[in-house]
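Predicted model, so just to flag it, every value in this text is computed and none were measured. Numbers restart at 1 for each chain; the letters A, B, ... are given by sequence-line order, proteins then strands.
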Protein chains: 2
Amino acid sequence: MAMAHGKRVRLDDVARLAGVSRSTASRVINGHPNVRPETRHKVLEAIRKLGYHPNTLAQGLSRRRTRIIGLLVAMPARRLASDQFYPLFLQGAAQAANRRGYRLMLGLFEEPAEQEAMYVDVVRGGYLDGLVVVSVPRGDPLIPMLLEEEVPFVLVGRDPDWDTPYVEGDNYRGGYMATEHLLRLGYRRIGTITGPLKLWAATERLRGYQDAHRDAGLEPDPGFIVEADFTEIGGMAAMRKLLEAGPEAVFVQSDTMAAGALRAVKAAGLKVPDDIALVGYDDAPLAELLEPPLTTVHQPIHMMGYTAVEMLIEHVERPKPRTQGVILPVKLVVRRSCGALPQP
Amino acid sequence: MAMAHGKRVRLDDVARLAGVSRSTASRVINGHPNVRPETRHKVLEAIRKLGYHPNTLAQGLSRRRTRIIGLLVAMPARRLASDQFYPLFLQGAAQAANRRGYRLMLGLFEEPAEQEAMYVDVVRGGYLDGLVVVSVPRGDPLIPMLLEEEVPFVLVGRDPDWDTPYVEGDNYRGGYMATEHLLRLGYRRIGTITGPLKLWAATERLRGYQDAHRDAGLEPDPGFIVEADFTEIGGMAAMRKLLEAGPEAVFVQSDTMAAGALRAVKAAGLKVPDDIALVGYDDAPLAELLEPPLTTVHQPIHMMGYTAVEMLIEHVERPKPRTQGVILPVKLVVRRSCGALPQP
DNA sequence: ACGTCAATTGGTACCGCTTCCAAAAGCCGT
DNA sequence: ACGGCTTTTGGAAGCGGTACCAATTGACGT
């Protein structure tokens, strides 16, 4: 670390060189208004000469603000690995943080114990200004804890049991649109593979699926609904199960699961979309690469990351912005897997 | 933040309640040996009662160690988005950090200016114990800066111009194996699509490709070598160009580019592997999902992340461990795109 | 009981910066 | 030139810990 060599320059050094007190030097650094231009200039000059950079830790300690926000992600390893949600989300989050001069502390956890450790160390230990929490399952004790501690935080993916700031894609609409699209194409026996139903997003997409049926005058058949876990393997297993019910089309709640489902369909010697039409969710980069390319519901993942961080920063900086929730629009991207487009 | 409410409990509170001095309380917390068991117990009890957690910033300030390490990633947006390297790498890195009680600070940058800002704020500002730097191009000024500042760091992907600790997959072997495999299958006109040649990894894989040719008594044809950028789009463009040379097989330096290449081949009305065989690199989750599934060189990405962090921590904690570099083994995963396996 | 030495414990000076408060300086009008 | 105000500046008390050093306590040998 820079700390390693003793020659670190401190604020005192700057003050001395500029011939002012430390207080004044500090004022200049923090853009305090009441400093004579001439003085300010002297200090700035000293800073430049010395190559001074404030010690963030010390600043944080006395300001009680660090400009670091935590990104808390509890996610099973296998899911994180294959899901393409992540890179995009992180990129958006990082972009927002960079723009506003914040840093991102990453907390990726597989085991709750580890998460607990970070929670304690970081939240109670006080070096985060706030937290962005990704995909907490319903009923997770984290949320009441955060509320209790009055830690500013934003959820990515709402928890309907708590009234907190959140960002999410319009899951209900997404589920509805995907299903409606299949119905319009004339399919009637439409199955669905959902994510873990303890995630609100999954239940909302499912609700959209069901309502689309009802609005078309059909009653959704529970036998066509299979719960999986947002992984490729899970999608494959779910599709195998679903095949027994003989669907004409399947709405899969993530592209990753759809990839698995697609493999299961092929393994069964069937063709997509001829024998079974498929619609995915996310519009991950992968979707376009599958054979056939996957019709899917596009989520603005990058923007979700950006927005979450942006919202959090607002919450941290303003007293009470009360921008409770943001629901970002999704859209259907039609490719070949649903059978709407001519096959080559 | 927990800081938000005034009721934060400090070390003094603990000391008072336990009826000892702050020094003693501190000793207990840091597991210092010379504390009478009885005293230790009183302090522990007080800590528990008060729900005390040390303030990380304050600790960091006086210890001059934070147990935070930075993960610096400079990567064009389009590449980050589609590349599956990331989630896996992060996961490995996070796992290592969690296990050793370190935190990860994420620095994702698209623009050098932003990177510079983080560099300054974080490295000179002194709240990182060290840095893991991912995929710096050759000649990047970052490395000499880090060396100059004596910041402990580990490179993911070596820079041959500097003698620094690094972790990487065995790129030369990977390139060699992939090419050798194609040669063994009888292909002679073998093209290759490389990553940016300012990345050492790309030049090494290329060298492997060339040496495999030479060892087979063939002279590699420069007309069969096309440089791309590790993105899908780039791979597609490169393949279009390569098609003009009429290769029988192509070794592509990343699965993501291979996906693009595959699309280009299909768009040209050709079949993989019948008309053109393909071998990728990385063994990303995506590889298995392509049609046909991609033969590829498997890199232990998760372990690269894990190892990089582990090495860095060693460097930070031990005086001079001098574990310079680690090269992790790669292996060839044969699937259908190379034509070695029976097509279904 | 007393000296000696090791094990414990307390006191206090930092770590490097912010910020409140009071002192000093500058500006005006008369 | 002087009183009254507003700016600018400096001083010093934190922020919450760590760690060095000295003081206190306890154990043990004689």
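For the helix from C/dA1-D/dT30 to C/dT30-D/dA1, the end axes, each set by the C1' atoms of five terminal pairs, are bent relative to each other by 40° (nearest 10°).
With respect to the salt-bridge test (charged N to carboxylate O, under 4.0 angstrom), the residues B/Glu45 and B/Arg48 qualify. Comment: A/Arg65 does not engage A/Glu317 in a salt bridge, judged by the lack of any side-chain N to carboxylate O separation of less than 4.0 angstrom.
When rounded to the nearest whole Å, the span between CZ of A/Arg40 and P of D/dT7 equals 15 Å. Taking atom NE2 of residue A/His41 and atom C1' of nucleotide D/dT9, one finds them 19 Å apart after rounding to whole Å. Between the C1' atom of D/dA19 and the CD atom of B/Gln59 lies a distance of 13 Å, rounded to the nearest Å. Atom NE2 in A/His32 sits about 14 Å away from atom C1' in D/dG10, given to the nearest Å. Here D/dT18 presents its P atom at 12 Å from CG of A/Leu61, a figure rounded to the nearest Å. If you measure from atom CZ of B/Arg10 to atom C1' of D/dC15, you get 10 Å, rounded to the nearest angstrom. Separating the CG atom of A/Leu11 from the C1' atom of D/dG10 is a distance of 13 Å, rounded to the nearest angstrom. Put simply, CD on B/Glu38 is 15 Å from P on D/dT25, counting in whole angstrom units.
Both B/Thr24 and A/Ser26 lie near DNA chain C, and the one whose nearest nucleotide falls closer to the 5' end is B/Thr24. For the pair B/Arg63 and B/Arg36, nearest-nucleotide mapping onto DNA chain D gives the more 5' position to B/Arg63.
At the heavy-atom level, B/Asp12 lies nowhere under 4.0 Å from the strands shown.
Side-chain contact between B/Leu44 and B/Val28: present, with at least one pair of heavy atoms (C-beta onward) separated by less than 4.5 Å. Inter-residue side-chain proximity for A/Arg103 and A/Asn98 is flagged as met; some heavy-atom pair is nearer than 4.5 Å. Under the 4.5 Å side-chain criterion, counting only non-hydrogen atoms from C-beta, B/Thr66 is not in contact with A/Tyr127. Within the 4.5 Å cutoff, side-chain heavy atoms of A/Ile143 are placed close to those of A/Leu147.
Which of D/dT18, D/dC20, D/dT8 sits closest to the side chain of A/Asn34 comes down to D/dT8.
Between B/Leu131 and the choices B/Leu71, B/Ile69, B/Leu146, the side chain to side chain contact (heavy atoms under 4.5 Å, CB included) rule is met once, by B/Leu146.
Close approach of DNA chain C to chain B, defined as any atom under 4.0 Å from a non-hydrogen atom of the protein, starts and stops at C/dT8 to C/dG16.
Nearest heavy-atom pair across A/Ile301 and A/Phe85 is CG2-O, 3.5 Å.
Contact annotation: A/Thr39 side-chain N/O to D/dT9 OP1/OP2 distance is under 4.0 Å.
Across residues 13-23 of chain A, A/Arg22, A/Ser23 each have a non-hydrogen atom less than 4.0 Å from an atom of DNA chain C (numbered order).
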